[in-house]
Amino acid sequence: MSCWDTIQAYGLRAVGIGERLLPRSDFTLCEQFTLIGSGMLWNIYFGFFALIAGFFFAVALALGKASRNTLLRKLAEWFIFVFRGSPLFIQIFFAYFAFVSLKSVSSIFDAFSAAWAGALVVLFLNTAAYSAQIFYGALLSIPKGDIEAADAYGMSGWTRFRRITFPTMMRLAWPSYTNEAIFLFHATTLVFFSGFPAFRQKGDALYYANYFADKTFNPFIPYPILAGYFILLTLVIIGVFGIVNRRLNRHLPQEKRQRMRLRPNLIR
Amino acid sequence: MFSYCSDPDALSGLSWLSCYLTTGKHMAFYRAFGTVLLLLAITAPTALAFGFFGARAARSRFAPLRWVGKIYISIVRGVPDIAFFLFFVIALDQAFEWLRHQVKCPDWNEPIRQGNDFVVCQIAKLPLGTAPQWVHETYGFFLAVLTFAIVFGAFAANILFGAMNTVPRAQIETAEAYGMNRKQAFWRVLVPQMWVYALPGLSNLWMVLIKATPLLFLLGVEDIVYWARELGGSKTARFTDYPHGDWRMWYFLALLVFYLGFTKISEMVLDRLMTRLTRGQATMGGEAQRKAAA
């Protein structure tokens, strides 16, 4: 089979399109690159949607944690503590078994015992908690003068939030938030290693890398391929977030702009 | 465990539960918590040592050593660590076996990689096929510790490297003015001072390390995750005296609570340590303490 055939057969294997059987022997480099690459689709899917949904929830949580209402504050604090204080690995396990148990209660939960929905929910809640902590920190470090200036202009409530508080909060939080995004994409590799079964061997990049390593008993090829894909993905994330960072800082004089300081990847 | 547990079928309610939770397998489950704590107790200092050497290498004046240090620090950070955990366990195992193979069977002439197999001579196997069970388990645990130490050593190296660079340059210059050589200045001035700067990063790393311990499960050690899955799965009356449905959800809830408590306690202890270490330091934190007392 030529490499082009392999790409046609396995390029979308991770989402169930193409050849049904995985290669079983005489693995070529091309097969490993193609399958691990097709697994990356899942990592991107989980990371992308969890990040977008998590962003809005995180802003709400950060405001809740800074709120003067005791009930709201306590709720947000507990949520953040629970999701930041326990391993994501255990959270995914727990959620999976919880969804499986809930299946007998109502058929609504059927979808959630599959990875595409269940794991997405966990990752969404998890990233919301981590991002909320970052946004909360940024919210507290908004310069007092900015808010006073807004008051002096007669802004209050929603207008002040939309025009002053929120953009400044984002600007201050953005470098850390970039790290969090990189974290999240790395964390998506945990999904198929904890509870959630890879239905019909439709797994993520690590799932396939592990498959090859198990079959060939040679970790020195699939894992570096996986590493290469992830480094590429990380670079893309840094690029995209860098563009946003420039836009958030565009009103500042050149030397005051916040440089991106990246400290990617500590596991959660 | 208790005397009334001899006939589980006759029990109900709390007494059933007390018997159920003290079966031999549950005892193994509780011992697995000890395994996790043991792993933390061994890994934390080992990773710190790896980190220290990594940071020293990255600061070295000898260029190749410096590159090794820098690469070690940066490569672990760009890739999901779970991939490293899966990689190192096989890679280290094969590396050890290969080394023993080279030493013990020098006249072996078949290739080591035969297709999909990794073949070394019998006496180079690790652990030996005839070794008792506990040797296998200890070897697996040892590999796990080494893997954790390598991965977290890279994070620690990054933190210590930063901390070493944060110690004010004037301190080193003063040491030089006193006639200390490079080595003396490093050990007597730089190392004692860097810990204050490293502590926030290191305490963060400790939290991350706690939260990474369930990955032991992936390394093939019979840890708490393994036992929670084993014990929680539904049991029929044919195979056990204590039949029950699928309780894995509750077992993992217990693990979740365990980790939450553990991180909470660590947080409190580390806060105290930080307060203690900042006392009298010329930093913002030290200044705030001084003002609060005055």
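Within every chain, numbering begins at 1; the chains are lettered A, B, ... in the order of the sequence lines, protein sequences first and strands thereafter.
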Atom pair CD1 (B/Ile90) and CG (A/Asp214), whose distance is rounded to the nearest 0.5 Å: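 B/Ile90 CD1 to A/Asp214 CG: 6.0 Å, rounded to 0.5 Å.
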Who are the ring-ring contact (aromatic ring centres under 6.0 Å, His included) partners of B/Phe141, not counting sequence neighbours?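 In terms of ring-ring contact (aromatic ring centres under 6.0 Å, His included), with neighbours along the sequence ignored, B/Phe141 is linked to no residue.
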Partner set under ring-ring contact (aromatic ring centres under 6.0 Å, His included) for A/Phe94, not counting sequence neighbours: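 Expected list: none.
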Under the side-chain contact (heavy atoms from CB on, under 4.5 Å) criterion, do A/Leu190 and B/Leu215 qualify, and how do the steps go? CA-CA 10 Å; A/Leu190 283 173; B/Leu215 297 180; 3.8 Å; yes
Go through the atoms of [X] and report whether side chain, backbone, both or neither lie under 4.5 Å from a heavy atom of chain B.
X        : result
A/Phe81  : both
A/Ser101 : side chain
A/Ile90  : both

Which pair of heavy atoms, one from B/Lys211 and one from A/Arg84, lies closest together, and at what distance?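 Residues B/Lys211 and A/Arg84, closest heavy atoms: NZ-O, 2.7 Å.
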Determine the minimum heavy-atom distance between B/Ala91 and A/Phe220, stating which atoms define it.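 Closest heavy-atom pair between B/Ala91 and A/Phe220: CB-CZ, 3.7 Å.
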Heavy-atom count check: over 12 atoms from other residues, nucleotides or ligands less than 6.0 Å from A/Phe33 CZ?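 No, the 6.0 Å shell around CZ holds no more than 12 heavy atoms from other groups.
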CZ/A/Phe48: more than 12 non-hydrogen atoms of other groups inside 6.0 Å: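 12 or below, so no.
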Pairwise side-chain contact, B/Phe87 with A/Leu226, heavy-atom cut-off 4.5 Å (strictly under):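 No, their side chains stay 4.5 Å or more apart.
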Quick one: side chain to side chain donor-acceptor pair (under 3.5 Å) partners of A/Gln32, sequence neighbours excluded?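 A/Gln32 satisfies side chain to side chain donor-acceptor pair (under 3.5 Å) with no residue once adjacent residues are dropped.
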Does anything in residues 247-266 of chain B reach chain A? List residues with heavy atoms under 4.5 Å apart, or say none.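 The stretch touches chain A at B/Arg248, B/Met249, B/Phe252, B/Leu253, B/Leu255, B/Leu256, B/Tyr259, B/Leu260, B/Thr263, B/Lys264.
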